[in-house]
Amino acid sequence: MNSHSPSELYRGVKILHDPLRNKGTAYTDAERDYLKLRGLLPPRVHSPAEQELRVLGNIRAKPTDLERYLYLVALQDRNETLFYRVVMHNIEEMMPLIYTPTVGKACQEFQHIFRTPRGFHVSLQDRGQIKEYLQNWPHKETRIIVVTDGERILGLGDLGADGMGIPIGKLALYTACSGIHPTHCMPVMLDVGTNNETLLNDPLYNGLERRRVRGEEYDELVEEFITAVNDAFPGVLIQLEDFGNTNAFRLLEKYRDRVCLFNDDIQGTGAVAVAGIIGALRITGGKLSEQKILFLGAGEAGIGIADTFVAALVENGIPPEQARKQCWFVDTKGLLVADRGDIPEHKRPYAHEHPYIANFLDAVNTLRPTAILGLSGQPGHFTKDAVAAMATINDRPIVFALSNPTSKAECTAAQAYTWSDGRAIFASGSPFDPVKLGNRVFVPGQGNNAYIFPGVGLGVIVSGARTVTAEMFLAAAHSLANQVTEADLERGRVYPPLGQIRKVSALIAREVARIAYARGLTNKEEPADIMADIHEYMYHPVYPHYA
Ligand code: NAD
């Protein structure tokens with residue numbers, strides 16, 4: 001138990017209003033005397049377990065998930081230890097509330113449900129002052145930043161400053177899933193305007209009332225921000241989150257070797273999906289090198305997965321040009337082929353020489369893929385005909401409908417299993433309940449990035465790595481796939497249960513840290529026991545003891 005000396009203490013009502021120190025009704029009698037809390041609390045002392053019970057009862061009694069989200073946000077604002085205790089002990093129930101799909105709904109309503117500010121807001125108006133304003137941030141030991149400009153929130157598009165719910169949610173997952181201390185986390189909204197007319201016309205919108213800035217002005221703000229946070233928090237890990245794809249690829253290329261930075265939508269998604277494919281192959285008995293993947297959607301997520309898949313094949317001795325030919329894309333303009341013209345930089349490696357095909361079903365029938373991966377943000381595009389065609393071509397087709405939130409999934413779990421006579425190996429981005437078909441029960445896997453980014457971040461932070469490399473993400477994918485048990489596979493699930501996420505993250509962190517030490521990416525000396533070092537760092541939601 002953490003013990004706090006009197007000099008650090010807040011007392012009286014002040015401590016009750018400090019979410020990091022507040023214990024609510026769990027202050028002991030001795031603490032109530034010592035902290036001058038007598039009269040400020042009801043007399044009965046409750047244990048953290050009893051407090052958790054009360055919170056769970058309240059959450060479950062709420063009529064909607066958005067109400068549950070609001071309750072949890074309020075709890076985080078008043079008692080962070082209890083918030084993390086509840087989230088960690090009930091991760092399968094809480095993750096869909098604090099992250100996708102509920103966080104999507106929360107972001108869409110953000111200007112209306114806004115109560116207490118959380119995180120750090122940087123806007124175009126702050127140009128030239130960011131370094132100075134960062135002094136206002138209370139946590140001087142910040143080790144990780146999740147930053148968005150709100151342009152592509154989940155599959156919901158431009159939500160401007162309302163996208164702040166995403167960095168907040170992701171950092172809550174860092175703490176819950178891998179034990180990054182809450183005070184080491186900084187959610188950031190980079191407000192460069194929005195092109196969302198509904199928001200611009202809403203008097204309650206909290207962001208800048210202007211359309212998105214692009215080009216030099218945008219780049220200068222990002223540059224100032226990256227430089228300022230590295231001055232304030234040297235070596236801080238920066239996660240780019242939900243940027244529109246024109247900026248996401250560009251910023252990743254610009255900064256990935258310069259500072260400690262990655263893009264979860266590209267690299268985290270790549271690792272989690274490739275882990276799912278490796279897991280699926282443990283069911284089908286197929287080889288990674290024999291897979292042909294047809295993607296629906298050629299954005300950050302699709303290209304990120306293809307790049308990670310190619311890296312995995314290259315690791316197995318397959319030349320990159322050959323590996324890329326195993327990845328095919330259908331986007332809004334149909335099959336991505338070489339002579340389509342005007343192909344953006346990030347799609348070019350996957351624009352193969354092939355006759356053009358206009359629609360997805362024809363592409364399935366012509367290319368005969370082993371896997372279809374949906375990352376289009378468009379629901380319903382894995383039609384009955386497309387899934388049935390996959391089941392004709394393959395004994396065990398891989399069907400991953402990864403678009404978020406749930407309402408955007410390319411098909412549902414029930415559709416995938418039904419249309420393939422129970423032969424599809426299915427995973428989704430947002431959770432689906434198990435599906436009963438006849439007397440068989442299928443447990444869909446959730447290709448949730450939360451399996452990857454918390455572990456990668458933990459490994460980077462604990463090892464003090466200066467950069468985040470592609471090798472780290474591939475190692476994370478292998479580590480995750482290796483943690484799927486035979487029992488999981490028997491039920492059709494290609495990811496371990498979320499309930500094991502802390503263990504999953506710690507093992508991923510170990511692989512990431514090993515790479516940092518082996519490749520000389522850190523000034524820190526390699527500890528004798530990397531795992532012990534990781535466990536020593538990890539935060540646990542245990543109340544401090546005041547005496
Ligand atoms: P993005 O905007 O970068 O890319 C979307 C792509 O879909 C673009 O290439 C676009 O051309 C294509 N597209 C749009 N409509 C289409 C249509 N009707 N037919 C074919 N293609 C179409 O977005 P992104 O970051 O790549 O994310 C895409 C989706 O993937 C989102 O819903 C996101 O939530 C989801 N995602 C899931 C995971 C996960 O499951 N772990 C991770 C990241 C992203």
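Remember, it's 1-based here, ligands and their atoms both numbered in the order they're listed.
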Taking atom 26 (O) of ligand 1 as the point of reference, which of Ala273, Gly297, Pro344, Ala301 owns the nearest heavy atom?
->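 Of the listed residues, Ala301 has the closest heavy atom.
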
Given His346, Arg152, His381, which has its nearest heavy atom closest to atom 23 (O) of ligand 1?
-> Arg152

Answer yes if the ring centres of [X] and [Y] are under 6.0 angstrom apart, and no otherwise.
X      : Y      : result
Tyr451 : Tyr495 : yes
Phe110 : Tyr205 : no
Tyr174 : Phe453 : yes
Tyr350 : Phe295 : no

Does [atom1] in [X] sit with more than 12 non-hydrogen atoms of other residues, nucleotides or ligands closer than 6.0 Å?
X      : atom1 : value
Glu290 : CD    : yes
Lys347 : NZ    : yes
Lys325 : NZ    : no

Can you sort out which atoms of ligand 1 are near [X], meaning under 4.0 Å from one of its heavy atoms?
X      : answer
Gly299 : 1 (P), 3 (O), 4 (O), 6 (C), 8 (C), 9 (O), 26 (O)
Thr332 : 11 (O), 13 (N), 14 (C), 15 (N), 16 (C), 20 (C), 21 (N), 22 (C)
Ala298 : 6 (C), 8 (C), 9 (O)
Asp331 : 11 (O), 20 (C), 21 (N)
Gly447 : 39 (C), 40 (O), 41 (N)
Asn245 : 1 (P), 2 (O), 3 (O), 4 (O)

Can you find an N/O atom of [X] closer than 3.5 Å to an N/O atom of ligand 1?
X      : value
Asn404 : yes
Asp265 : no
Val272 : no
Asn448 : no

Just heavy atoms, cut-off under 4.0 Å: does Leu296 contact ligand 1 by side chain, backbone, both, or neither?
->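 Only the side chain of Leu296 comes within reach of ligand 1.
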
Where does Lys333 meet ligand 1, judged by heavy-atom distances below 4.0 Å: at the side chain, the backbone, both, or neither?
-> neither

What protein heavy atom sits nearest [atom], and how far off is it?
atom                    : result
atom 42 (C) of ligand 1 : Thr269 OG1, 3.0 Å
atom 5 (C) of ligand 1  : Leu375 O, 3.8 Å
atom 17 (C) of ligand 1 : Gln378 CG, 3.8 Å
atom 31 (C) of ligand 1 : Gly155 CA, 3.8 Å
atom 29 (C) of ligand 1 : Ser403 OG, 3.6 Å
atom 37 (C) of ligand 1 : Leu402 O, 2.9 Å
atom 14 (C) of ligand 1 : Ser376 O, 3.4 Å

For residues [X] and [Y], is any side-chain donor paired with an opposing acceptor at under 3.5 Å?
X      : Y      : value
Glu511 : Ser479 : no
Asn206 : Gln111 : no
Glu410 : Ser376 : yes

Considering only NZ, NE, NH1 and NH2 on the basic side and carboxylate oxygens on the acidic side, decide whether Arg250 and Glu345 come within less than 4.0 Å.
-> no

Output the distance between atom CG (Asp191) and atom CE (Met164), rounded to the nearest 0.5 Å.
-> 10.0 Å

Of all the heavy atoms in Lys408, does at least one lie under 4.0 Å from an atom in ligand 1?
-> no

Applying salt bridge (charged side-chain N to carboxylate O under 4.0 Å, His left out), run through Glu151 and Arg214 and close with a yes or a no.
-> CA-CA 12 Å; Glu151 188 171 8; Arg214 307 254 181 226; 2.9 Å; yes

